[in-house]
Structure formats: structure tokens, C-alpha cells
Trainee: 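Mind looking over this structure? Questions follow.
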Amino acid sequence: MKVKILTIFPEIFPGFLGYSLTGKALDKGLWQLETVNIRDYAFDKHGSVDDTPCGGGAGMIMRPDVLDAAIKANYKQGRLIYMSPRGEPLTQAKVHELSLEEEITVICGRFEGIDERVIEARQIEEISIGDYILTGGEQAAMIMLDAIIRLIPGVLGNSESTTDESFETGLLEHPQYTRPIVWDGREVPEVLLSGHHQNIATWRHEKSIEVTKRKRPDLYKKYLDSKKV
Ligand code: SAH
């Protein structure tokens, strides 16, 4: 997968994506990163990319003309995404969908965001990583990309399976344990030491349901509804 990032802080990348599984995958060429400095497309010698909001108010807005010049010169094909708190909420289902793309171009906003007209004119898809406000789209892009890259075939080893993780089945993951078998007077549930695969699978499924019901009643309701159809 080819990832292009349009940003005014290209030096932030690859950041934490350069470590661990995503970093190894980058070294192996399972994904490629290209950063584009939006400032290189500014029309003045100061590299201005923003201006004050029409109608007044706090902060600055990223100019449509400069951003569009950066898009035109760098966006070729595939998904064109603007990280935005007003976007479609990122879910594991969306992450799966995006992991199948060959090329993704991501626009990172700063200040109070970008001029609406460029979103309309270039039909840019908006994605949010949650209902809170960050200082910049770079952080959001890196979180989204981390989730996407780990699903690219070959990134996770055989030992790290994704199929029974939280959200993959519509439920949260069951509790996990490792050695020591007794710690702080607490024992690992006996069934997990039994070697009985069917009983372990049943116990894990029951625990998943219990945990989801308690911690995320909203998810649990969706899970029940999906079972009805
Ligand atoms: N004024 C905007 C917020 C701007 S925050 C508003 O109220 O909607 C500055 C930049 O950070 C945005 O342009 C966006 O790229 C990024 N950003 C902030 N919160 C985000 C979120 N929850 N998801 C994705 N991107 C976000």
C-alpha cells in the first residue's frame, strides 16, 4: 500500500509508525510512505498556508488554493481522505475496508481546519478518530494508519491473529492471562489450564459477552440486534 501524507509538519512522520510491527513492515516494503509539505505549494516567499476566517472568529483556516495545489501535484489515485472531527467515525470495519486499498492520500489539517470549498470541489472523504478535538490531523492520521497497516497481509506474524480481537466479532475480547499461574494471591481461571480446547473456546465466548454487556452496553445491543437478523 502506498500512503501519501499532505501536511505542514512532514518531519512528524513516520513517528511511531517507524517502530515495531508497522516499522518492520515499512522496512520490508509492505507499505510505502511519501510525505508532502503543503508549504512547498504556497504562493509567497513566507510559505503562508492559512488566513483568518471569513465572518470573524478565533484561529486561522487553511487556504483552499494552496492546499489544492498540493493535492493536484500529488494525488493520483485511490482514496483521498481529510482527517476531521466532522468525518465518518473510524471503526474496525472501516479500517478493514481501507486496508484493501492500493493507495491512500491523507490530508492533515492544522489551526481551525481547512476551507470548506476544497472539500466540496475535490470530493474529499472526511474521517474522524473520535469525538474530541486534536491540535492536528497528523496524530489522527497516524492512529488511522496504524490500525490499517497491521491488517495488510504479512504485517502480523502467524502468532498474532486478528480474528478474535475486540470489535472483530462485534464483541470485546475476553480477559487474557499469562504466567505466573498464581500472582498476588490471584489464580488464572482453571479452564484455561485444562488443555480442553472446546471448553476454553466456550469460556472465552461467554466472557466476551459478559465483558461487552458490562463495559459497552451500546456494542452489546448492536451484537444482539445482528444476531436477530
Ligand atoms: N475547528 C475544527 C477543529 C480543528 S482541529 C472543528 O471544530 O471541527 C485541527 C485539525 O486537527 C483538523 O483540521 C483535523 O485535521 C484534526 N483533527 C482534530 N480532531 C480530530 C479528530 N477527532 N479526528 C480526526 N482529525 C482531527
Side-chain angles (χ1 to χ4, degrees), residues 1-7 9-10 12-36 38 70-71 74-109 114 119 122-132 134 136-174 176 204-205 208 211-212 216 218-219 222-223 225-226 229:
M1 175 188 291
K2 182 161 193 168
V3 176
K4 288 188 188 176
I5 310 277
L6 274 56
T7 170
F9 294 115
I12 291 179
F13 293 87
F16 60 71
L17 296 175
Y19 292 82
S20 187
L21 292 169
T22 49
K24 276 183 212 148
L26 185 60
D27 292 342
K28 278 200 243 165
L30 293 172
W31 67 287
Q32 294 92 39
L33 175 68
E34 190 184 318
T35 51
V36 173
I38 298 169
I71 294 171
N74 295 284
Y75 171 65
K76 297 284 172 323
Q77 63 210 347
R79 306 288 275 253
L80 180 59
I81 296 168
Y82 168 47
M83 302 315 300
S84 160
R86 302 185 320 178
E88 178 185 337
L90 187 67
T91 59
Q92 191 64 11
K94 187 79 185 173
V95 168
H96 272 286
E97 179 194 318
L98 293 169
S99 73
L100 302 173
E101 294 290 333
E102 264 167 39
E103 191 159 330
I104 296 181
T105 302
V106 187
I107 300 163
C108 304
I114 69 179
I119 301 176
R122 302 296 163 238
Q123 299 183 346
I124 302 170
E125 182 179 349
E126 293 177 82
I127 295 182
S128 166
I129 64 157
D131 291 345
Y132 41 80
L134 304 167
E138 289 79 7
Q139 295 89 313
M142 281 164 73
I143 286 173
M144 178 181 77
L145 291 168
D146 184 80
I148 292 171
I149 292 161
R150 66 191 286 286
L151 295 183
I152 296 174
V155 174
L156 296 185
N158 291 331
S159 55
E160 300 111 341
S161 156
T162 64
T163 48
D164 61 351
E165 263 171 340
S166 297
F167 310 117
E168 295 292 350
T169 56
L171 293 171
L172 300 178
E173 194 181 56
H174 51 79
Q176 297 272 34
R204 285 181 166 166
H205 184 63
S208 269
V211 169
T212 310
R216 289 290 301 274
D218 58 320
L219 270 188
K222 262 194 216 155
Y223 172 75
D225 291 347
S226 76
V229 285

Trainee: Compare all side-chain heavy atoms of F13 with those of E138 and state whether any distance is below 4.5 angstrom.
Mentor: yes

Trainee: Nearest 0.5 Å, please: how far is OG in S128 from CG in L90?
Mentor: 8.0 Å

Trainee: Measure across I71 and I124 and return the closest heavy-atom pair with its distance rounded to 0.1 Å.
Mentor: CD1-CD1, 4.0 Å

Trainee: Once rounded to the nearest 0.5 Å, what's the spacing between atom CG of L172 and atom OG of S166?
Mentor: 5.0 Å

Trainee: State which residues pass side-chain hydrogen bond (donor to acceptor under 3.5 Å, both in side chains) with H205; sequence neighbours excluded, sorted by chain then number.
Mentor: none

Trainee: Excluding sequence neighbours, so at least two apart, what forms side-chain hydrogen bond (donor to acceptor under 3.5 Å, both in side chains) with E34?
Mentor: K2

Trainee: Using the test salt bridge (charged side-chain N to carboxylate O under 4.0 Å, His left out), find all partners of E168 that sit at least two apart in sequence or belong to another chain.
Mentor: none

Trainee: Measure across A140 and I129 and return the closest heavy-atom pair with its distance rounded to 0.1 Å.
Mentor: O-CG2, 3.7 Å

Trainee: What are the two closest non-hydrogen atoms of F16 and I143, and how far apart are they?
Mentor: CZ-N, 4.1 Å

Trainee: Any side-chain heavy-atom pair from L33 and L145 closer than 4.5 angstrom?
Mentor: no

Trainee: Using every non-hydrogen atom in the two residues, find where V155 and I149 come nearest and quote the distance to one decimal.
Mentor: CG2-O, 3.2 Å

Trainee: Is there side-chain contact between I107 and L80, with heavy atoms separated by less than 4.5 Å?
Mentor: yes

Trainee: Are the side chains of I5 and M142 in contact, using a 4.5 Å heavy-atom criterion?
Mentor: no

Trainee: Run the salt bridge (charged side-chain N to carboxylate O under 4.0 Å, His left out) test against R204 and tell me which residues pass, sequence neighbours left out.
Mentor: none

Trainee: Give the C-alpha distance, both sets of side-chain angles, the deciding distance and a yes or no for side chain to side chain contact (heavy atoms under 4.5 Å, CB included) between L134 and M83.
Mentor: CA-CA 10 Å; L134 304 167; M83 302 315 300; over 6 Å; no

Trainee: Please give me the minimum heavy-atom distance between I104 and E101, naming the atom from each residue.
Mentor: CG1-CB, 3.9 Å

Trainee: Applying salt bridge (charged side-chain N to carboxylate O under 4.0 Å, His left out), name anything that partners E173, two or more places apart in sequence or on another chain.
Mentor: none

Trainee: Decide yes or no on side chain to side chain contact (heavy atoms under 4.5 Å, CB included) for W31 and L17, but give the supporting numbers first.
Mentor: CA-CA 11 Å; W31 67 287; L17 296 175; 4.0 Å; yes

Trainee: Within a 6.0 Å radius of atom CD on Q123, are there more than 12 heavy atoms belonging to other residues, nucleotides or ligands?
Mentor: no

Trainee: Roughly how far apart are R79 CZ and M1 CE, rounded to 0.5 Å?
Mentor: 10.0 Å

Trainee: Taking the side chain as every heavy atom from C-beta outward, state whether E165 and Q92 have any pair of such atoms under 4.5 Å apart.
Mentor: no

Trainee: Using the test salt bridge (charged side-chain N to carboxylate O under 4.0 Å, His left out), find all partners of D27 that sit at least two apart in sequence or belong to another chain.
Mentor: none

Trainee: Is there side-chain contact between P14 and L26, with at least one heavy-atom pair below 4.5 Å?
Mentor: yes

Trainee: If you count the non-hydrogen atoms of other residues, nucleotides and ligands that lie under 6.0 Å from CG in D131, is the total more than 12?
Mentor: no

Trainee: Could you tell me whether the side chain of Y82 reaches within less than 4.5 Å of the side chain of I114, counting heavy atoms only?
Mentor: yes

Trainee: Using 0.5 Å steps for rounding, measure from the OG1 atom of T212 to the CG atom of L171.
Mentor: 4.5 Å

Trainee: Return the minimal non-hydrogen interatomic distance between L30 and P153, and the atom names on each side.
Mentor: CD2-O, 4.1 Å

Trainee: I'd like to check I81 versus L98 (side-chain heavy atoms, cut-off strictly below 4.5 Å). Are they in contact?
Mentor: yes

Trainee: Mind checking the CD-OG1 spacing from E125 to T105? Nearest 0.5 Å is all I need.
Mentor: 11.0 Å

Trainee: Between the side chains of K94 and E88, is the shortest nitrogen-to-carboxylate-oxygen separation below 4.0 Å, so that they form an ion pair?
Mentor: yes

